[in-house]
Number of protein chains: 2
Amino acid sequence: MRNFPEPEVFHADCPSQRVLDTIADKWSVIVIYSLSQQETRRYSELQRMIGGISQKMLTQTLRKLERDGLVERHVYPVVPPKVEYSLTPLGMTLTELLKNICQWAQAHWDEIETARVHYDEKGDR
Amino acid sequence: MRNFPEPEVFHADCPSQRVLDTIADKWSVIVIYSLSQQETRRYSELQRMIGGISQKMLTQTLRKLERDGLVERHVYPVVPPKVEYSLTPLGMTLTELLKNICQWAQAHWDEIETARVHYDEKGDR
DNA sequence: CGGCATCCTAGAGGATACTG
DNA sequence: CAGTATCCTCTAGGATGCCG
């Protein structure tokens with residue numbers, strides 16, 4: 001591994017920037033946030049509670065998180081099928097950080113909306 | 001405003017989810033991270049230190065963050081032009097959280113790479 | 001120096017239909 | 001129930017060129 005003079009996240013050829021591609025994603029943040037609230041969740045449960053997510057994006061996000069070792073998928077051999085998702089230990093180390101982000105979003109969205117209106121009004125003149 | 005029974009971030013029609021569209025973005029995270037390390041930074045300085053970002057994305061990200069009231073843009077009326085960017089007080093409330101994310105990415109990227117290789121090997125068989 | 005305007009293309013992501 | 005498969009649209013985002 002190269003020895004970077006600056007924080008590695010600034011370097012395009014460093015894997016830590018690729019990691020950001022995964023977790024700095026709206027749906028990933030929300031899915032992990034959801035899984036952090038309860039031990040396990042079923043597919044349909046996630047779909048129901050996350051507003052605005054399409055089935056395609058949910059599946060895709062879950063696969064990506066599973067591939068990255070953040071989420072675990074457990075299939076029960078029953079009919080009708082039952083699949084449960086949960087966080088891995090690695091995923092759990094991330095939850096606190098993402099929970100903070102979600103809470104920040106919920107706490108400050110109004111200030112941002114105000115700033116946007118303000119900014120747009122200035123530009124329209 | 002409606003009264004949401006669950007955390008608002010789960011609701012498609014709630015602004016806090018729209019906020020995530022802004023800050024849960026790779027370049028936004030890195031730009032804010034960069035601005036958190038130093039009082040102000042010039043445009044070219046940001047471009048130089050953030051590997052892999054195009055000029056278009058840098059400008060676009062900075063505009064978005066400015067519109068959202070997270071970043072301030074200061075133009076000096078000199079020639080050649082000089083423009084400095086800095087965080088607003090609101091932006092600063094976010095830096096700690098995003099710094100944590102970047103540091104997490106730098107600390108755990110190797111585990112994620114390993115998980116990916118493992119996952120891909122399983123699937124290829 | 002710090003942009004904006006334009007063109008262009010790969011891929012994101014929705015809608016719909018089908019299946020073990 | 002928990003997906004996969006297909007199609008189709010739209011936009012993110014790179015490359016290039018120009019400007020105050």
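A, B, ... follow the sequence lines: proteins, then strands. Residue 1 opens every chain. Just so it is clear, the structure is predicted and the values come from calculations on it, not from any experiment.
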- Figure out the NE2/P separation between A:H74 and D:dA2, and round it to whole Å. 14 Å

- Query: According to a strict under-4.0 Å criterion, is A:R63 in side-chain N/O contact with OP1 or OP2 of D:dT4?
  - Reply: yes

- Message: I need the CG-C1' distance between A:L58 and D:dG3, as an integer number of Å.
- Response: 10 Å

- Task: Could you tell me whether the side chain of B:Q55 has a donor or acceptor atom within less than 3.5 Å of a complementary atom in the base of C:dC1?
- Result: no

- Side chain of A:P81 - closest among D:dG14, C:dG14, D:dA2: D:dA2

- Beyond-backbone contact of A:Y43 with A:L62, side-chain heavy atoms, under 4.5 angstrom: yes

- Message: Could you tell me how far apart B:E66 (CD) and C:dG3 (C1') are, to the nearest whole angstrom?
- Response: 13 Å

- Query: Could one point to a donor on the side chain of A:Q60 or the base of D:dT4 with an acceptor on the other under 3.5 Å away?
  - Reply: no

- Task: With the side chain of B:M57 defined as its heavy atoms from C-beta on, choose the nearest nucleotide among D:dG13, D:dG3, C:dG2.
- Result: D:dG13

- Which nucleotide, C:dC7, C:dG2, C:dC4, lies nearest any side-chain atom of B:K56? C:dC7

- OP1, OP2 of C:dG2 versus side-chain N and O of B:S44: anything below 4.0 Å? yes

- C:dA12 C1' sits how many Å from A:D25 CG, rounded? 11 Å

- Message: If you assign B:P80 and A:I53 each to the DNA chain C nucleotide with the nearest heavy atom, which residue ends up on the more 5' nucleotide?
- Response: B:P80

- B:Y33 and A:F10 aromatic ring geometry - parallel, tilted or perpendicular at 30°/60° bounds: parallel

- Message: Between P on C:dG2 and OH on B:Y76, what's the gap in Å once rounded to a whole number?
- Response: 12 Å

- Query: Should B:V117 and B:E121 count as side-chain neighbours, where that means a heavy-atom distance under 4.5 Å?
  - Reply: yes

- Heavy-atom side-chain proximity of B:D68 to B:L90 below 4.5 angstrom: no

- Query: Would A:K99 and A:E96 pass as an ion pair if we require N to O under 4.0 Å?
  - Reply: yes

- To the nearest Å, how far apart are B:Y85 OH and C:dC1 P? 15 Å

- Item | Side-chain N or O of A:R42 closer than 4.0 Å to phosphate OP1/OP2 of D:dC1 | no

- Query: Rounded to the nearest Å, what distance is computed from the CD atom of residue B:E45 to the P atom of nucleotide C:dG2?
  - Reply: 9 Å

- Task: Check whether any side-chain nitrogen or oxygen of B:S54 sits under 4.0 Å from OP1 or OP2 of D:dG14, and answer yes or no.
- Result: yes

- Rounded to the nearest angstrom, tell me the gap between atom CH2 in B:W27 and atom P in D:dA12. 16 Å

